[in-house]
Amino acid sequence: MATAILAVQGAFAEHAHMLRRLGEDAFELRQASDLARPFERLVLPGGESTVQAKLLAEQCMLAPLRERIAGGMPVLATCAGLILLASAVHCDDPPRERRLATFPMAAVRNAYGRQLGSFRAEVPFKGLGKVPATFIRAPQIALLGEGAEALSAHDGIIVAARYGNQIACAFHPELDEDPRIHELFLPL
Ligand code: GLN
């Protein structure tokens with residue numbers, strides 16, 4: 001079985017590269033017909049969440065993916081992907097009906113500022129120790145709902161969390177050489 005990577009917009013190629021490096025079979029999900037291919041896991045990459053949300057809805061992929069995630073399919077979401085997973089987003093942009101909204105959390109888009117909000121850091125990650133973290137106009141997790149746990153915080157702000165089989169990261173583990181977050185995801 002394989003990992004599907006949402007590839008309507010954004011940094012999907014880097015995830016594919018990382019997954020293949022780990023020996024995982026990965027393919028791109030561009031349109032509804034791609035959902036017919038067997039896959040057991042999903043990656044939601046970074047990019048522009050408003051654009052991704054619009055394309056997901058237009059390509060009729062939103063409801064089938066939402067259903068599979070709610071049914072327990074493992075997901076690794078990074079940056080814009082975190083926004084798509086969040087049950088609540090500040091200002092409801094992109095709107096809830098265009099998000100997957102399967103992860104109980106409140107997220108804030110572009111929380112570090114729009115243009116100057118990109119930086120690198122090392123952050124503690126539950127079970128992994130310190131991991132390199134590249135933040136690019138990243139969101140922040142303002143609040144976690146019941147059953148969700150924080151995996152990582154930076155400057156007192158939650159930047160990665162888990163809810164069941166869903167892992168959401170505000171930063172971009174696919175842009176660094178360190179494979180440990182993807183390695184954590186693959187056995188789920
Ligand atoms: N700022 C983007 C958004 O809100 C996310 C940026 C990213 O994925 N690197 O959609």
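Every number for a ligand or one of its atoms is a count from 1 in the order of the listing. Just so it is clear, the model here is predicted, and its values are computed rather than measured. All residue numbers in this chain count up from 1 along the given sequence.
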Participant: List ligand 1 atoms under 4.0 Å from R137, heavy atoms only on the residue side.
Facilitator: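 Result: 1 (N), 2 (C), 5 (C), 6 (C).
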Participant: Can you list the ligand 1 atoms lying under 4.0 Å from a non-hydrogen atom of G46?
Facilitator: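 With G46 as reference, the close atoms of ligand 1 come out as 8 (O).
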Participant: Would you check the N or O atoms of H172, main chain and side chain alike, for any that come under 3.5 Å of an N or O of ligand 1?
Facilitator: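 It does: an N or O of H172 is found under 3.5 Å from an N or O of ligand 1.
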Participant: Could you identify the single nearest non-hydrogen protein atom to atom 1 (N) of ligand 1 and state the distance to 0.1 Å?
Facilitator: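 Heavy-atom neighbour on the protein nearest atom 1 (N) of ligand 1: N110 OD1, 2.5 Å.
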Participant: For atom 7 (C) of ligand 1, which protein heavy atom lies nearest, and how many Å away is it?
Facilitator: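 That would be C79 SG, 2.7 Å.
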Participant: Please work out whether any backbone atom (N, CA, C, O) or any side-chain heavy atom from C-beta onward of Q52 is under 4.0 Å from ligand 1, and answer side chain, backbone, both or neither.
Facilitator: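 Neither; no heavy atom under 4.0 Å.
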Participant: Taking E48 first and then R109, would you say they form a salt bridge - that is, a charged N and a carboxylate O separated by under 4.0 Å?
Facilitator: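 Yes.
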Participant: Going by distance alone, is a donor N or O of one side chain under 3.5 Å from an acceptor N or O of the other, for Q59 and Q31?
Facilitator: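 Side chains of Q59 and Q31: no pair found under 3.5 Å.
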Participant: Which of the atoms of ligand 1 are close to G47, meaning less than 4.0 Å from one of its heavy atoms?
Facilitator: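 Once the distances to G47 are compared, the set is 2 (C), 5 (C), 6 (C), 7 (C), 8 (O), 10 (O).
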Participant: Check the orientation of Y112 and F119. Use parallel for under 30°, tilted for 30 to 60°, and perpendicular for over 60°.
Facilitator: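 Answer is perpendicular, since the angle exceeds 60°.
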Participant: So, are R41 and D25 salt-bridged, with charged N and O less than 4.0 Å apart?
Facilitator: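 No salt bridge links R41 with D25.
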Participant: Any side-chain heavy atom of L100 sitting closer than 4.5 Å to one from V75?
Facilitator: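 Sidechains of V75 and L100: no contact.
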Participant: Return the orientation label for the F125 and F171 ring planes: parallel under 30°, perpendicular over 60°, tilted otherwise.
Facilitator: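 Correct class here is perpendicular.
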Participant: Give the atom numbers and elements of ligand 1 that come within less than 4.0 Å of a heavy atom of R109.
Facilitator: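 The list of qualifying atoms is 3 (C), 4 (O), 10 (O).
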Participant: Show me which atoms of ligand 1 lie under 4.0 Å from any heavy atom of S49.
Facilitator: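 Near S49, the atoms of ligand 1 are 3 (C), 4 (O), 10 (O).
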Participant: Between H182 and H15, what is the ring plane arrangement, given parallel below 30°, perpendicular above 60°, and tilted in between?
Facilitator: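 Ring orientation, 0 to 90° scale: tilted.
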